[in-house]
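See structure below.
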Amino acid sequence: MTPPEKTVQAKTAGAPTGKGRRLHPAWIVAAVAFLALVGAAGFRAAPGVLMVPLQEEFGWSTTVLSLAVSINLVLFGLTAPFAAALMERFGIRKVTSLALCLIGLGSALTVFVNQSWQILLTWGLLIGLGTGSMALVFAATIANTWFAKSRGLVIGILTAGSAAGQLVFLPFIAALAQNPGWRGASLLIAAGALAVVPLVLRWLRNSPADVGVLPYGAEEAVAREPRAHAADTQAADAGSTTTPDRKPVAGVASTGTATKDSGNAAVRALHVLKRASKVRTFWALAAGFAICGATTNGLIGTHFIPSAHDHGMPETTAAGLLAVVGIFDIVGTIASGWLTDRFNPKVLLAVYYQFRGIGLLVLPLLLGSTVEPSMIIFVVVYGLDWVATVPPTAAICRSVFGADGSVVFGWVFAAHQLGAAVAALLAGFIRDATGHYNYAWLGAAAMCTVAAVISATIRKDAVKKEPVPVA
């Protein structure tokens, strides 16, 4: 029988190292994943732009349309952890392709709606399931599967794909909503999602083993320490929560965690939730991320354009401001990934949430019929902060929960979307009841301060002192 260290050396010898290969396949996969996230993000820009045209044509209330968005966000969130497990079970490529097709189908069918319940079906059910399967957990899965180093940077880049989708689609959706109308905008979203499917089928590989290489950054480590890598491989086969670039995670090692539930994606996702729910860090991350979702997708993403319209600002102008948010979101998220690789992620989270709260506190004073310099400052700062919380949150999930990290992040992201759903619905109700959104913005600012405090108090020793019993 071949000794483990020789087996590892043979694999390394058969796969060109970073010096002998122009571009590691992991970067090709990351590029296609980025485009897939761009294609899936089209709908994220749609509700705020299409809400007013739908109200004008059908007379539906803000609360009804907010309910459709809330259903979408709930399914978006609850699908994410199961999607992570499905990607482990059936492969990233199949799940991603199906998700993009659901988004395309839901968007295309929207052009035929004429009753309010139908918008709940298209915006809510179909697109919710599709976008949930392409949630930010997809970025964490790609990074954890294909990269042994620079994971924070990769998650930042992929997370920025959603912002790029908003940037690419939003101005066109706003223009089409004006002329020829909102149906043309819906078809654009469908086309954007379906256009990426051939690229996914051709280039998005499920794992490095599919192309005969190790994860990016693992070649040098294996060449340097073949015996250590062989020990890691044996530990992984035994079910240890060990990652290629980390020591075993003390306190959360559970025999068979990564493998024993792999035959049933739903069972695996639920078992991971059961284990994670016994760790206080999980609840701290979930609470903070719920507030994150409430203050991004739920409020700004859904209600910023209608609120600006209430103040006399043209919808196309407000959409342009959100597009600028998308531009700086890309910069902020990638920078956050770089920072996460170098600084304490809980400190980064606390800073991000507090800056967001300050922005929401002053927003009611900035809205008006024209764009003033103070509004530009708000848009830039809020854009830099939009989903900068993702890389540090994913990093904490990985460090605390090891091999279960991607699925745990899926559950944390579910809390993000549940928070967004509640905020979207409540903000619509507040608008219908009071005629403005001021109370929604101020309440969100207060919640951001709560999130900052929760994040700052995440225990440093959670990895060592919070055991997770075997399910």
Side-chain angles (χ1 to χ4, degrees), residues 43-52 54-55 58-80 116-117 119-120 123-125 127-128 131-132 135 283 286-311 318 322 325 353-354 356-367 378 382 385-387 389 412-454:
F43 181 76
R44 299 267 59 82
V49 177
L50 303 185
M51 197 172 284
V52 173
L54 284 167
Q55 286 177 313
F58 298 109
W60 298 335
S61 68
T62 305
T63 302
V64 168
L65 293 172
S66 297
L67 177 60
V69 176
S70 294
I71 292 172
N72 173 280
L73 293 171
V74 168
L75 290 176
F76 191 165
L78 294 180
T79 303
S116 60
W117 67 265
I119 203 73
L120 303 183
W123 275 20
L125 180 62
I127 300 179
T131 53
W283 293 108
F289 231 40
I291 294 172
C292 178
T295 53
T296 52
N297 300 51
L299 286 176
I300 296 293
T302 304
H303 293 287
F304 177 80
I305 293 177
S307 181
H309 182 265
D310 287 344
H311 287 78
L322 277 187
V325 169
Y353 285 130
Q354 193 56 66
R356 186 180 301 176
I358 294 171
L360 288 167
L361 185 64
V362 301
L363 179 59
L365 304 175
L366 306 180
L367 287 168
F378 168 84
Y382 215 86
D385 200 307
W386 183 263
V387 287
T389 54
V412 172
F413 183 74
H416 181 282
Q417 295 308 104
L418 290 175
V422 172
L425 185 58
L426 284 179
F429 175 79
I430 289 171
R431 167 62 178 79
D432 286 339
T434 66
H436 57 75
Y437 286 98
N438 290 351
Y439 295 131
W441 304 132
L442 297 177
M447 288 193 298
C448 285
T449 298
V450 173
V453 173
I454 291 173

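All heavy atoms count here, side chains included; hydrogens, waters and symmetry mates do not. Starting from 1, each residue takes its place in the sequence as its number. All values reported here derive from a predicted model rather than from experimental measurement.
- Side-chain N or O atoms of Ser307 include none that pairs as donor or acceptor with a backbone N or O of His303 at under 3.5 Å.
- Applying the salt bridge (charged side-chain N to carboxylate O under 4.0 Å, His left out) rule to Asp432 yields no partners; only residues at least two apart in sequence or on another chain are considered.
- Considering all non-hydrogen atoms of both residues, Ala427 and Tyr437 come closest at O-CE2, 3.6 Å.
- In terms of heavy atoms, Gly128 sits closest to Thr79 at O-OG1, 4.5 Å.
- Annotation: the span from Thr389 atom OG1 to Phe289 atom CZ amounts to 4.5 Å, rounded to 0.5 Å.
- The minimum heavy-atom distance between Gly357 and Ala445, with the atom names listed, is O-CB, 3.4 Å.
- Taking CG of Leu54 as the reference point, atom OG1 of Thr62 lies at 11.0 Å (rounded to 0.5 Å).
- Judged as a side chain to side chain donor-acceptor pair (under 3.5 Å), and not counting sequence neighbours, the contacts of Asp310 are Arg431.
- Atoms CE and CG, from Met447 and Leu442 in turn, are 11.0 Å apart once rounded to the nearest 0.5 Å.
- Between Val325 and Ile300 there is no side-chain heavy-atom pair separated by less than 4.5 Å.
- Among residues two or more places apart in sequence or in another chain, the side chain to side chain contact (heavy atoms under 4.5 Å, CB included) test is passed with Thr449 by Gln354.
- In this structure, the side chain to side chain donor-acceptor pair (under 3.5 Å) partners of Asp385, at least two apart in sequence or on a different chain, are Arg356.
- Not counting sequence neighbours, the partners of Phe378 by the ring-ring contact (aromatic ring centres under 6.0 Å, His included) test are Tyr382.
- Scanning for ring-ring contact (aromatic ring centres under 6.0 Å, His included) contacts around His436 gives Tyr439, with sequence neighbours left out.
- In terms of the ring-ring contact (aromatic ring centres under 6.0 Å, His included) criterion, residue partners of Phe58 (sequence neighbours excluded) are, by chain and number, Trp60.
- Distance check: Trp386 CH2 to Cys292 SG gives 9.0 Å after rounding to the nearest 0.5 Å.
- Residue pairs meeting the salt bridge (Lys or Arg N to Asp or Glu O under 4.0 Å) criterion with at least one partner in residues 58-77, sequence neighbours excluded, are absent.
- Distance check, rounded to the nearest 0.5 Å: CG of Leu360 to CG of Leu299 gives 7.0 Å.
- The side chain to side chain contact (heavy atoms under 4.5 Å, CB included) check on Ile71 picks up Leu67, Leu75, Leu120, with sequence neighbours excluded.
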Inset, instruction - Show your working on side chain to side chain contact (heavy atoms under 4.5 Å, CB included) between Thr296 and His416 and close with a plain yes or no. - result: CA-CA 10 Å; Thr296 52; His416 181 282; 3.9 Å; yes

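- With Thr302 contributing its side chain and Asn297 its backbone, the two residues share a donor-acceptor pair below 3.5 Å.
- When every heavy atom of Val64 is checked against every heavy atom of Ser116, the shortest pair comes out as CG1-CB, 3.8 Å.
- Smallest separation of non-hydrogen atoms from Ala421 and Ser70: O-OG, 2.8 Å.
- Summarising the geometry, atom CG belonging to Leu73 is positioned 9.0 Å from atom CG belonging to Leu418; distances are rounded to the nearest 0.5 Å.
- The side chain to side chain donor-acceptor pair (under 3.5 Å) search around Tyr353 returns none, not counting sequence neighbours.
- Using a distance-only test at 3.5 Å, with no hydrogens or angles considered, no donor-acceptor pair links the side chain of Ser66 to the main chain of Leu425.
- Residues passing the side chain to side chain contact (heavy atoms under 4.5 Å, CB included) test with Leu365, sequence neighbours excluded: none.
- Taking the side chain to side chain contact (heavy atoms under 4.5 Å, CB included) definition, one finds that Val362 meets it with Leu366, sequence neighbours left out.
- Shortest non-hydrogen contact noted between Gln55 and Ser61 is NE2-C, 3.7 Å.
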